[in-house]
Amino acid sequence: MIDLRLLEKDFPAVSAQLSLRGVPRDQLERLVGLLDQRRRQVGERDDLRAYINSASKAIGQLMAAKQLVEADTKKQEVKDKKEALLHLEDTLRTLEEQIHQQHLELPNLPAPEAPRGTSEQDNVILRTHGYDPANYTQPYRPHWELAEQWGLLDLPRAAKTTGAMFTFYRGQGAKLIRALVHLGLSLNSERYTELIPPHFVRTETLTATGQLPKFAEDAYHLPADDLWAIPTAEVPLTSYYRDEILEFDQMPQCFMAYSVCFRREAGSAGKDTRGLQRLHEFHKVELLKFVRPEQALDEHQAMLGDVERMLQVLGLPYRVLDLCTGDLGNSAARTFDLEVYAPGVGRWLEVSSVSHFSDYQCRRGNVRYRDSQGKPQFAHTLNGSGLATPRIWAALIEQGQQPDGTILLPEILHEFMGTNRMGGDESCRRF
RNA sequence: GGAGAGGUGGCCGAGUGGUCUAAGGCGCAGCACUGGAAAUGCUGUGUAGGGCAACUUACCGAGGGUUCGAAUCCCUCCCUCUCCGCCA
């Protein structure tokens, strides 16, 4: 959530920033009107309550003094005031509900450094690492073909048991997922505390990160228990400190978590879904930090470096995009996307988003820290995919492919995989 | 799933309808005492909203209700613990 006081105090600036993300000005004007109305009604309500409180105390004293007639008169007075109070509380509740809903649906303010723009066309490529188009003059086969040849995936049987956009990983293909998860955690274990989160969360938890209320149809919901399957470990991790106040010198708090991620991908059926490009269920290592505002810029860059290092040791060509204001996720103030080049599909695949959420998520989740004066302030959150395995998996298969169809693995994975290449053994073929 | 007990400030803990604006203790901070410290004494010590000063309102797991008045009584839910059952 954004700061509503800031909206009132500096309306032109805030509405200009939000217009960069397509929030119309008159919507914000209406909200400010509601806030004004609330302030007046809260004042009236508190006056009524103050009267009732003191009168009730007086009644107690009258009754103790056995002045029952006076007490009864006073009681009737309070009863009338109480009726007015109940009515006022009722309208106020409706008003606050309205404000709350509108507030929840407002996106975050983009960081001033974020490039301006309206769509992904306007994203800025900051740098490209290890990519040379001259390497890709001969045809590369897509990962689903190679996976089929060596039995690394079983998409048809996953479709049978579960449905489209799910997969069985098989043999060395399954082991490669484990290797990637292991790598993502072990490369970062000195700087981040490992957590394994619950994979189902309450509605409040999914609201804190910003998926609810706007994006309910993107998440799997279990009505019998009113729980949601997590779309990313960011969700339980961001609520880890919900309703808590952290000490000044406890910051930053850095966590990493392996989890399975579940996404309904409503509206994207059939779009770039061949092979592992888009799955309903995948495995991911997530990095997350709670920081003080003044730490955020440096920690954001450090996290970006942590993610880039993983791509570098895997030897994957990648590029870093600075997302423009129009392409930022709802909760983010600034986002760097990392894309690896997958020559088989001939596309850059997004494998990580490293975002700064300013205090947007911590307001929703009420995560605070004590500043140097000891006053509670909202913390900032940062998070980034440490490794989203399916697309990394796909890129490794496509990048490593040899003329004979076998797949050379980057050296960092040799020890874990127990081999330097995948495929080549007809016995591993699927049947 | 069944039966029972419980949830009060940073922590422990008293409080079963009316100065609860929540006792007391621990912790923490300041001051005094001291050569310095310990011990001791005094003072202070939550969060949020409104005025931004005095003041005022809300918060005793959450939400609703009863009442002139609720930490206290009633209802629903959440969580913790104990025992039983089931189970990887």
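Side-chain atoms are counted along with the backbone in the values below, which use heavy atoms only and exclude waters and symmetry mates. A note on names: the letters A, B, ... follow the listed sequences, proteins ahead of strands, and every chain is numbered from 1. Quick caveat: nothing in here was measured; it's all calculated off a predicted structure.
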Starting at atom [atom1] of [X], determine the distance to atom [atom2] of [N], rounded to an integer number of angstrom.
X: A:Glu204; N: B:rC78; atom1: CD; atom2: C1'; answer: 9 Å
X: A:Leu92; N: B:rG50; atom1: CG; atom2: C1'; answer: 12 Å
X: A:Asn366; N: B:rU47; atom1: CG; atom2: C1'; answer: 9 Å
X: A:Lys9; N: B:rC52; atom1: NZ; atom2: P; answer: 15 Å
X: A:Glu247; N: B:rC28; atom1: CD; atom2: P; answer: 14 Å
X: A:Asp243; N: B:rG7; atom1: CG; atom2: P; answer: 20 Å

RNA chain B: 5'-proximal contact among A:Arg368 and A:Arg5 (nearest heavy atom)
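The residue closer to the strand's 5' end, by nearest nucleotide, is A:Arg368.
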Whichever of A:Gln61 and A:Arg39 has its nearest RNA chain B nucleotide further upstream toward 5'
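It is A:Gln61 whose nearest nucleotide is closer to the 5' end.
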Between [N] and [M], how many Å separate the two [atom1] atoms, rounded to a whole number?
N: B:rC84; M: B:rC73; atom1: C1'; value: 32 Å
N: B:rG25; M: B:rG9; atom1: C1'; value: 13 Å
N: B:rG85; M: B:rC28; atom1: P; value: 47 Å
N: B:rG24; M: B:rC75; atom1: C1'; value: 34 Å
N: B:rC11; M: B:rG17; atom1: P; value: 28 Å
N: B:rU67; M: B:rC55; atom1: P; value: 34 Å
N: B:rU19; M: B:rC26; atom1: C1'; value: 27 Å
N: B:rU8; M: B:rU16; atom1: C1'; value: 14 Å

For a quick check of understanding: with a heavy-atom distance under 4.0 Å over all strands, which category does A:Arg38 fall into, base, sugar-phosphate or nothing?
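Here A:Arg38 touches no strand at all.
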Heavy atoms only, 4.0 Å cut-off, all strands: where does A:Arg40 land among base, sugar-phosphate and nothing?
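No contact.
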Side-chain donor-acceptor pair present, [X], [Y], cut-off under 3.5 Å:
X: A:Lys284; Y: A:Thr389; value: no
X: A:Asp306; Y: A:Tyr192; value: yes
X: A:Glu234; Y: A:Gln361; value: yes
X: A:Gln98; Y: A:Gln102; value: no
X: A:Thr207; Y: A:Arg202; value: no
X: A:Asn108; Y: A:Ser358; value: yes
X: A:Thr73; Y: A:Gln76; value: no

With Watson-Crick and G-U wobble geometry limited to distances under 3.5 Å, how should the secondary structure of RNA chain B be encoded in dot-bracket form, using | for bases paired to another strand and [ ] for crossing pairs?
((((((((.[[[..)..(.....]]]((((((.......))))))(((((....))))).[[[[[..)....]]]]])))))))....
Going by the ring pair (Phe, Tyr, Trp, His ring centres under 6.0 Å) test, which pairs reach into residues 359-386 of chain A, not counting sequence neighbours?
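Sorted pair list: A:His356-A:His380.
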Start with the C-alpha distance between A:Tyr241 and A:Gln253, add both sets of side-chain angles, then the distance that settles side-chain hydrogen bond (donor to acceptor under 3.5 Å, both in side chains), and finish with yes or no.
CA-CA 10 Å; A:Tyr241 286 128; A:Gln253 288 277 312; 2.6 Å; yes
Using the rule given for salt bridge (Lys or Arg N to Asp or Glu O under 4.0 Å), can you reason through A:Glu265 versus A:Arg278, listing the C-alpha separation, both sets of side-chain angles and the distance that settles it, and then say yes or no?
CA-CA 8 Å; A:Glu265 299 288 355; A:Arg278 190 180 298 278; 3.1 Å; yes
Kindly say if A:Arg363 contacts the phosphate of B:rA48, meaning a side-chain N or O under 4.0 Å from OP1 or OP2.
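Looking at the OP1 and OP2 atoms of B:rA48, neither is under 4.0 Å from any side-chain N or O of A:Arg363.
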How does protein reach along nucleotides 56-68 of chain B, written 5' to 3' as B (base within reach of a heavy atom under 4.0 Å), S (only sugar-phosphate), or - (no contact)?
SSS--------BB
